[in-house]
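Here is the naming used below: chain letters follow the sequence lines, and residue numbers restart at 1 for every chain. Both backbone and side-chain heavy atoms feed into the values below; hydrogens, waters and symmetry mates do not.
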Amino acid sequence: MKRSRAPLVVTIAVLIFFYLPILILVINSFNASRFSSTWGGWTLAWYARLWHEGEIWHAMQNSLIIAVSASAVSVVIGTLAAFALHRFDTRLQKTQYLLIYTPLVIPELLMGLSLLLFFVAIGMNLGLLTIFFAHVTFCISYVAMVVLGRLQDFDFSIIEAAQDLGANWWTAAVRVLLPLLAPGIIAGGLLAFTLSIDDFVITFFVAGPGSTTLPIRIYSMIKFGAPPLINALSTILLVVTFLAVWISQHLTEEKR
Amino acid sequence: MASTNYLEFENVSKHFGSIRAVDRVSLSIAKGEFFSLLGPSGCGKTTLLRILAGFENPNTGRVILNGRDITDLPPHQRRVNTIFQSYALFPHLTVRENIAFGLRIEKRLKKEIDTEVDRMLALVQMEDQAHKYPDILSGGQKQRVAIARALIKKPEVLLLDEPLAALDLKLRQRMLMELDLIHDEVGITFLYVTHDQGEAMSLSDHIAVMNLGIIEQIGTPAEIYEAPRSSFVAAFIGDTNFFEGKVTDIVGHEYSRLTIDGFPDVLCFNDKHISAGNPVFLSIRPEKFHISRDAPPNSNKRNIMRGLVEDVIYQGLLTKFWVRVQEYRLSIVQQHSRFLLDEKPIRWNEEVWISWHADDSFMLERYSESDEQLVSLPPENIGDVNGEAATPE
Amino acid sequence: MKNARSHLNELLVTLPSLLWLAIFFLIPTLIVLAIAFKPTDFYGGVGAGWTLETLRSLGNPNYPAIIWRTILLSIATTIICIVLAVPTGYYIARLGTRWRQIMLLLIIVPFWTSFLIRIYAWKVLLHPDGLIKKFLASLSIVDIHTSLLHNQWAVLLVMVYTFLPFAILPIYAAAEKFDYHLVEAARDLGARQWQGFYKVFLPGIRRGLLTAILVVFIPALGTYLIPDIMGGPDAEMIGNKIAQRVFVDRNLPHASALSALLTLAVFLPMVAVLFLQRKKDGSEPIIKESA
């Protein structure tokens, strides 16, 4: 049967659409010219200038502190949640599922505003701690969904086999369940890490003075600053993200 | 066989919501025996096995193994091990590590574990594959690893949950023989769950046929085939012809005369001492008939009648006939003891004589309305006599 | 398992996330709804007592236009995303394993990369000195003085760019499970190619379509950053108004009232779709595929 070529054409167009802007941005970060449309030769000058921008390094430090701590906490909570969702089929889990699923689809803006109002209402000072709470909140849902996806392919008779062979619940969890779920858990953690380090909207609402993160810094540079510096900074962030995707993909593939 | 009550289920029931998966089952199994639980899916056989393994707690009843009540023990404290239907091999461990798992949990000495694992690898002939991971093994190899992994624990009972279901026919037959050999070699009690009567018949010392959570009959394979206690067993094991009738007369100690709609008097063996006037089923296995072109010699224990051949299926080893007698369509199987081409074979649309000995048929009491469906089954619903195919799901 | 013990186990693994999300998601959402009924005090904070005044101020003639634009842009984004995602999802689903994984990775990567950076990349491209502008001007398609930035079309373009991966993943997931013999059967029974597509394939992946619509349309309604960076005053959406009330006017009750409206707009389609696909498996595909 003859197959239409349209899907192929659309797919290629979509990929170009996805990657062309990013590619041009990366190339421009090495462009000696200040203007993106003229090529002034290769340079690393913008990266060198980044090196001397103290504020950027401070923002990056903040971002890293939050991304590491928020992904660590959300991995633990999200994994437990995924496990509960998979293992039990009760009313409680239906509520839990709804609570975990909703943050994935509602606009970030709503979550940002509601958290801001919440922190204002309980009189909490805005800063790194409020950003941490906010990031854990949206990361839990992503981690839970990634781990849940892994659990769905998981043959639970393997746990029964371990018990059957003399392992108690705890031993079975540590020696069989955890090693088998590890790739999924790490993938979830990496996703949480990149989401946290990239997040702007929610962070913008709950950040306070002195808690500027990298995306907030980039935002003010977009509004007021020098394009070539943003290009260089964005490229660094992109590399970090690609690495995370690559590692997580590698982990999931090795399993198969 | 040693004591007959090595493993005992006493009045065990398990409900899931309103469903009675296992309904007041009592069963005892002798030490060293190969015992099968046979029945269609959903009959409760797997639940019974999981109760013994400790994955399900029964609502009522006790499970006693080797004189010890194990009803409330968690799975890891029971000396029974399971071969899972999906094998449930640990994908992150090699064959060797899979087999060693149970002993490592016990924290045995490394040297001791190594010797035991080597012995098991030899038993299941997997020495060459010891360092492979399960996902590259074939179905039969996975099966062997699963067996070795369970046997290394020296269980008091080995539980096998449909272990051959995932294999293709050829491999299934080979593993069947290997299982038999392994059972002979290790001398452990095997409890085997299957829906395949062929597997159960060829392996078991005893079979319990289950249906809707209860045990219909326990017996040796021959007892269950030749003298089924209920119409379910008669229909589930092998292939049979059912007639609805009524006992009219008792003849001597062991025989009764029946009337069946449209037939003259039929003589049937009556070991169940069903009294005159009772409604019964008459059941005759297809291979018990004799079919011929000429009238068979008269004998006082042979039932003889005439019929019309409606269908003939030649299968080499045997030939299947469907013969119309009055309103019944009988399934008849004949083996060829002589070279077929020398004879003039019976063909479609021929008038034939059929006969059977009174001892070769049996009567079953009719209890329920649902039994009525069994009468004159259309041919496609009738199981294969070799026990290879057509198992009710 | 013993019943009571299993119940305790369930609570132990459920409580951490349940408590966290109750405190940091459920309660804050309820607070937004509550503050929408509060008056504003002189400092832009939350005043005492209850009032409908804040909600009533949404009748301000400014808003209907913005609400209407928000809905239109979201619908347009959803339609374009679906139109692009169906052939792409189909194409990827029919590839061999190796290529399929590469393509999936290519679709997932933008999903992981910074939203802000991706918007910025377009700003650079569409900039008056940017490549696209120069290219189009040299072909005389646009006048050298027209701005590609700061209008609704720029916003729509970047919205499609942002939400397209969200649409492709669930459609791919559904297309991968689809049995393509059904299309062959339809062709065999006399259907033309487009009929096979329209009458068999699309209904076959409707679960994925529903999810895709949901995960594009809902976040699109709350878009704020894209018009903020790409758009001008005539491309503002509700999200921008909410942010202005928070960061510029410091009028929290007003921001809450707008958010309450947005929440309502978000939950209606969500409840509708969740209702349409009651079964659990269909409603969680966005992330499952990226695992």
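Side-chain contact between A:I222 and C:L116: present, with at least one pair of heavy atoms (C-beta onward) separated by less than 4.5 Å. Side-chain contact between A:Y19 and C:P110: present, with at least one pair of heavy atoms (C-beta onward) separated by less than 4.5 Å. The shortest side-chain heavy-atom distance between A:V105 and C:F217 does not fall under the 4.5 Å cut-off. Contact annotation: the side chain of C:Y161 approaches that of A:P21 to within less than 4.5 Å [non-hydrogen atoms, C-beta and beyond]. Counting heavy atoms from C-beta outward, A:L115 and C:F24 have side chains that approach closer than 4.5 Å. With a 4.5 Å cut-off on side-chain heavy atoms, A:K223 and C:D228 count as touching. You'll find the side chain of A:F18 stays beyond 4.5 Å of the side chain of C:L106, heavy atoms only.
Residue A:L23 does not touch chain C at all, counting heavy-atom pairs closer than 4.5 Å. Contact of A:F133 with chain C is made through backbone and side chain together, with heavy-atom distances under 4.5 Å. For A:F204, the parts sitting under 4.5 Å from any heavy atom of chain C are the backbone and the side chain alike. Both the backbone and the side chain of A:L80 come within contact range of chain C, each with at least one heavy atom under 4.5 Å from a heavy atom of that chain. Both the backbone and the side chain of C:I218 come within contact range of chain A, each with at least one heavy atom under 4.5 Å from a heavy atom of that chain. Interface residue A:T102: backbone and side-chain heavy atoms are both found under 4.5 Å from chain C. A:L110 touches chain C through its side chain: at least one heavy atom from C-beta onward sits under 4.5 Å away, while N, CA, C and O do not. No part of A:L233 comes within reach of chain C, as not one of its non-hydrogen atoms sits under 4.5 angstrom from that chain. Proximity to chain C involves both the backbone and the side chain of A:I106, based on heavy atoms less than 4.5 angstrom apart. Using a 4.5 Å cut-off between heavy atoms, A:L99 contacts chain C through both its backbone and its side chain.
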**Item:** Criterion side chain to side chain contact (heavy atoms under 4.5 Å, CB included) on C:L18 and A:L92, from CA distance to verdict
**Value:** CA-CA 9 Å; C:L18 205 65; A:L92 183 66; 3.7 Å; yes

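Of the residues considered (A:V147, A:I197, A:T90), A:T90 shows the highest number of contacts with chain C, using heavy-atom pairs under 4.5 Å. Most heavy-atom pairs under 4.5 Å with chain C, from the set A:L25, A:T137, A:T241: that is A:T137.
Checked against side-chain contact (heavy atoms from CB on, under 4.5 Å), C:A85 has the following partners two or more places apart in sequence or in another chain: C:L164, C:A167, C:I168, C:I171.
Below 30°, between 30° and 60°, or above 60°: for A:F200 and C:Y224 the angle between ring planes is below 30°, a parallel geometry.
Aromatic rings from C:W112 and A:F242 are positioned such that their centres are separated by 6.0 Å or more. Aromatic rings from C:F247 and A:F205 are positioned such that their centres are separated by under 6.0 Å.
Smallest separation of non-hydrogen atoms from C:A121 and A:I22: CB-N, 4.4 Å.
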